[in-house]
Structures are given as structure tokens and as C-alpha cells.
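The first residue of the sequence shown is numbered 1, and numbering continues consecutively from there. The basis for the numbers below is simple: all heavy atoms, side chains too, and nothing from hydrogens, waters or symmetry mates.
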Amino acid sequence: MAEDTKKRVVVVGAGVIGASIAFDLQRRGFHVTLVDKGEPGRGTSFGNMASIALDFAAGSGPSTWKKIPGWLIDPEGPVWLRPSYAARILPWFLRFLAAGRPSRLREIEDAGMSLSQRALDDFREMLQAIGASELMTEEGCLAIYETEAEFAADRGHLAMMQRYGFEFEVLSNGAIQYYEPALSPVIAKAVLLPDNKSIRDPYRLVVKLAEAAKAAGAAFVSGAVRNIERRGDGAVVVLLDDGRRLEADSVVLAAGVHTRFLAEKLGEPIPLETERGYHTQIMKPGISMRYSVIWPARAFMVTPTAGGIRVGGNVELAGLDAAPDFRRPRVLVRHAQRAVPGLKLEEATDWMGHRPALPDTIPIISPSSKMPGVFYATGHGHLGLTYAATTARLIGDMVSGTKPPVDLTPFRIDRY
């Protein structure tokens with residue numbers, strides 16, 4: 001495509017989703033401008049748990065309502081709803097509970113798994129294209145259970161994985177320590193998820209994606225986006241806070257939870273909330289680990305990444321503006337030390353970020369229902385890293401007019 005005939009695309013948001021999309025579009029022959037008020041990879045993507053987690057799980061189920069009192073009164077539980085935020089999040093919560101109806105749950109699982117079934121292959125292809133295949137480990141992930149009761153409580157999720165063709169292996173006793181010697185003997189059961197890979201440095205991944213897009217001709221603009229307009233001649237204009245105007249043929253909104261403010265201005269509000277997540281990055285952990293470990297009953301992970309070991313997960317519902325509560329990552333570290341008793345807390349830093357969460361757990365990957373030329377890629381929740389390459393492929397297909405390999409009906413913006 002000649003330089004003067006390239007179609008222009010502005011991608012708003014330079015996290016792992018936006019950077020992946022920018023790279024995909026640039027190598028398809030578009031002229032891409034990536035916009036963010038910060039540096040690529042310094043937002044929510046900086047602190048994810050480095051996991052390519054193919055075992056999709058819907059956030060809500062038929063019995064979720066029974067857990068809500070615990071979420072309000074137990075600040076050390078896997079989900080903590082700050083009472084001061086309860087009234088504001090109520091409309092989102094009602095949609096969240098509705099998504100757990102049995103009639104809706106299977107549809108959500110089908111949609112989530114349609115992305116999961118592509119995610120690993122798409123991710124490997126993207127890493128190869130940017131010359132960074134070494135960033136993905138070949139080891140899988142271990143889901144651990146301290147008691148038989150914990151394992152029994154997760155059987156429904158394992159049965160769902162089996163239904164969609166995902167492989168796993170149940171381990172007991174000494175077999176657990178054979179795979180990961182750092183784990184405590186108190187762990188009664190584990191499930192080896194061989195295809196749940198890890199990324200050796202999530203921040204470095206986003207930097208590499210942005211660098212690869214730039215090397216192919218993309219531009220980066222630092223600034224905050226104020227609004228999106230469409231001109232009479234069909235061009236889409238991105239307005240920045242400082243008055244700059246970026247003209248494009250298409251715009252992709254991939255700014256995480258902040259996408260909701262732009263969507264509101266375009267007249268298509270979306271129920272996008274922040275599930276605040278915490279991690280502790282330990283640079284002198286006193287141990288080494290081959291596998292990432294997830295403890296489903298306590299909703300956290302331990303992952304060797306970024307030159308150390310990262311402990312993180314959990315959910316805090318408190319909105320965008322509340323100050324971080326760094327007691328939460330300390331709780332996660334205590335849980336982690338029960339599973340990994342040799343884990344030391346030396347040269348450790350705490351972090352908090354904002355996962356963009358929709359009440360039905362599956363993302364929006366969709367053209368705008370209001371403004372032609374605008375596309376959305378947001379609401380990936382806990383699976384932003386997992387779905388990054390697949391989302392980039394699907395958005396690239398939509399922008400270029402190619403038929404996507406996945407039915408995108410479940411991910412449309414006007415499904416609410």
C-alpha cells in the first residue's frame with residue numbers, strides 16, 4: 001500500500017490490548033497512531049499476573065448472591081466491596097447477578113471459550129512476529145487445593161474445561177511436589193494446566209509490541225483523549241485535552257476502564273467497572289519456582305515473572321478514585337506463604353491497578369453502534385493479557401473488512 005493511500009487508524013490506549021492492536025493494524029498496511037497519556041505498558045498492564053489463562057470462568061453463577069454478605073464484611077476475602085461504594089455499584093451488580101442465571105451462563109461460557117480456544121496460538125504467532133518468542137514460558141500452571149472440599153467445589157469448573165476440550169491432569173501427594181518442590185505438603189490436590197503459560201515480563205511485552213509497531217511505521221502520541229467526532233466527509237477526529245486533533249479513517253478505543261467515559265460521550269454508555277487488583281513483586285523471594293500457581297478458593301496467584309516472584313489477584317470494588325488499601329496485598333502474601341512456605345518478603349513493592357470489568361465477564365470487541373469508523377476493545381477483566389493477541393486479530397479483521405474467525409455477536413457493544 002503506497003504511503004499516501006494508507007488508511008489512518010488511531011488506537012486509544014497503550015496497554016497490552018491497545019499495543020497488540022496497533023502492531024496488528026500496522027503490519028496489515030494501515031498507518032497507525034497509538035495514543036496514551038502515559039508510556040506504553042505503564043498502566044494496568046504493568047501489574048498483571050503474567051498468565052495466559054485459557055481456563056475461562058464466568059464471574060457470576062446461580063449461587064453468587066449467597067456470597068455477597070461476605071464480600072461486604074470480610075476485607076480479607078477474595079472479593080471486597082467497600083461499603084461506601086455499594087450504592088454506586090448497585091446497577092452493575094444487578095446485571096452481574098443476572099448474568100449468573102443458568103440460561104445465560106452457558107452462552108457466556110461459549111463466548112469466553114471461543115476466545116480461549118484461539119488465545120495460545122494467536123499469542124505465539126504475535127510473539128514470533130515481534131521477535132520475542134522467548135517471553136513466553138513453556139511450563140504450565142498449577143491450580144492448588146488445600147482440602148478435598150476445595151477441590152470438590154471446583155469440579156464444575158473442571159468439567160466445563162473438559163467440555164470445551166482443554167487438557168488437565170489431577171495430581172495428589174508427592175506428585176505435586178515433583179512438579180513444584182516449593183509447594184507445601186499441606187496442599188492436598190493440584191491440577192496441572194499445561195497450556196496456561198506465563199509471560200516472563202508483562203511490561204517488557206507491551207514495550208516490545210509498541211517498539212515493533214513503531215519500527216513498522218506507527219507513531220506514538222502522548223496525550224489524554226477528550227472526545228471523538230465524525231466529520232461530514234466521513235473522517236473520525238480524536239480530540240485531545242490540549243486542543244490537538246488527530247484525523248483518521250478509523251478509531252479503536254482500547255483504554256481499559258477509561259473507555260467508558262468516551263463511550264458515554266458517543267451516546268452508548270457501557271456498564272464498565274473497575275475490579276481493583278493488587279500485587280506484591282518480590283525481588284528476593286528466597287526460592288525459585290518453575291510453575292505459576294493459582295489457588296482458586298482464595299482467588300490469587302503466585303507467578304515467577306519480571307525477575308522475581310509476583311503474588312497477586314483478588315478483587316476490590318471501590319471505584320477509580322478511592323485510595324489503595326495496601327493491606328490487601330499483605331493478606332495475599334500471607335496466603336502465598338502458606339502454599340509456598342519458603343517464600344520470603346525481601347525487596348518487595350506493592351502495586352494496585354484497575355481491571356476493566358463488565359458484568360457478564362466477556363469483553364466488548366465491536367464496532368460502535370452510534371458512530372461509523374469507531375471500534376471498541378475493552379472490558380477484558382482478568383483476561384486482558386490472555387486475549388490480547390486474539391482481540392488484536394479480531395479488531396484488525398473488522399477494521400480491514402475481513403470476516404473474523406470467531407462469531408462476534410456475543411461481544412457487541414449494544415448487548416446490554
Side-chain angles (χ1 to χ4, degrees), residues 43-44 46-49 57-101 104-105 108 150 153-154 255-261 263-264 269-280 294-301 310-338 348-364 378-384 416:
T44 299
F46 181 84
N48 66 52
M49 287 307 296
S60 180
S63 62
T64 297
W65 62 273
K66 298 177 183 178
K67 302 175 184 177
I68 294 175
W71 294 351
L72 282 164
I73 65 176
D74 183 7
E76 295 194 0
V79 179
W80 166 232
L81 170 58
R82 289 199 192 181
S84 60
Y85 196 66
R88 288 186 61 184
I89 203 174
L90 182 59
W92 185 94
F93 234 112
L94 293 175
R95 282 176 161 153
F96 175 74
L97 293 174
R101 300 191 314 269
R104 179 76 176 109
L105 193 56
I108 290 170
E150 283 187 1
D154 208 31
V257 70
H258 302 283
T259 306
R260 77 185 190 199
F261 303 113
E264 287 171 4
I270 50 180
L272 195 57
E273 259 296 340
T274 168
E275 289 187 357
R276 294 150 59 107
Y278 293 84
H279 85 218
T280 298
I294 184 168
W295 195 333
R298 301 187 185 230
F300 77 95
M301 288 192 72
R310 183 170 294 179
V311 179
N314 245 315
V315 169
E316 181 187 40
L317 300 171
L320 274 171
D321 301 324
D325 181 355
F326 284 117
R327 293 174 298 178
R328 293 193 63 77
R330 289 290 173 260
V331 172
L332 297 181
V333 169
R334 288 204 310 271
H335 291 335
Q337 287 173 325
R338 179 164 181 79
T349 54
D350 295 327
W351 174 93
M352 189 274 288
H354 296 277
R355 305 183 192 98
L358 290 158
D360 57 5
T361 317
I362 54 177
I364 291 172
T378 189
H380 293 74
H382 295 249
L383 298 176
Y416 296 102

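Note that CD of Glu275 and OG1 of Thr44 are 12.0 Å apart. Values are rounded to the nearest 0.5 Å. Note that the CE atom of Met301 and the CE atom of Met49 stand 5.5 Å from one another [nearest 0.5 Å]. Put simply, CZ on Arg328 and CH2 on Trp80 are 8.0 Å apart, with the number rounded to the nearest 0.5 Å. Within the model, atoms OG1 of Thr64 and CZ of Phe93 stand 9.0 Å from one another, a figure rounded to the nearest 0.5 Å. Between atom OH of residue Tyr278 and atom CG of residue Asp325 there is a gap of 5.5 Å, rounded to the nearest 0.5 Å.
Considering only heavy atoms from C-beta on, Thr259 stays 4.5 Å or farther from Ile364 through its side chain. Side-chain contact between Ile89 and Glu273: present, with at least one pair of heavy atoms (C-beta onward) separated by less than 4.5 Å. A heavy-atom distance below 4.5 Å is found between the side chains of Arg276 and Arg82. For the pair Val331 and Phe300, the minimum side-chain heavy-atom distance is 4.5 Å or more. No side-chain heavy atom of His382 sits under 4.5 Å from any side-chain heavy atom of His380. Inter-residue side-chain proximity for Arg330 and Thr280 is flagged as met; some heavy-atom pair is nearer than 4.5 Å.
Ring-plane geometry between Phe261 and His258 is classed as tilted, the angle between the planes lying from 30 to 60 degrees on a 0 to 90 degree scale.
Here the shortest heavy-atom pairing between Pro356 and Val257 reads CB-N, 3.4 Å. Annotation for Asn314 and Gly77: closest pair OD1-O, 3.1 Å, computed over non-hydrogen atoms. For Glu264 against Pro269, the heavy-atom pair with the smallest separation is CG-CB, 4.1 Å. His354 and Gly319 get closest at one heavy-atom pair: CE1-O, 3.7 Å. Shortest non-hydrogen contact noted between Leu332 and Gly313 is CD1-N, 3.8 Å. Here the closest heavy-atom approach between residue Thr274 and residue Leu317 is recorded as O-CD2, 3.9 Å.
Atom CZ of Arg104 sits in a crowded spot, with more than 12 heavy atoms from other residues, nucleotides or ligands closer than 6.0 Å.
A donor-acceptor distance shorter than 3.5 angstrom exists from the side chain of Ser60 to the backbone of Phe96, with no hydrogens or angles considered. When atom types are taken as modelled, the side chain of Thr361 and the backbone of Gly59 share a donor-acceptor pair closer than 3.5 angstrom. When atom types are taken as modelled, the side chain of Arg310 and the backbone of Asn48 share a donor-acceptor pair closer than 3.5 angstrom. For the pair Arg101 (side chain) and Ala98 (backbone), a donor-acceptor distance under 3.5 Å is present. Using a distance-only test at 3.5 Å, with no hydrogens or angles considered, no donor-acceptor pair links the side chain of Trp351 to the main chain of His279.
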Checklist entry - Between Leu358 and Leu272, does a side chain to side chain contact (heavy atoms under 4.5 Å, CB included) hold up when you go through it step by step? => result CA-CA 5 Å; Leu358 290 158; Leu272 195 57; 3.8 Å; yes

Next on the checklist: Let's go through Val315 and Arg355 carefully: what are the C-alpha distance in whole Å and the side-chain angles of both, what is the deciding distance for side chain to side chain contact (heavy atoms under 4.5 Å, CB included) to 0.1 Å, and is it a yes or a no?
Outcome noted: CA-CA 9 Å; Val315 169; Arg355 305 183 192 98; 3.7 Å; yes

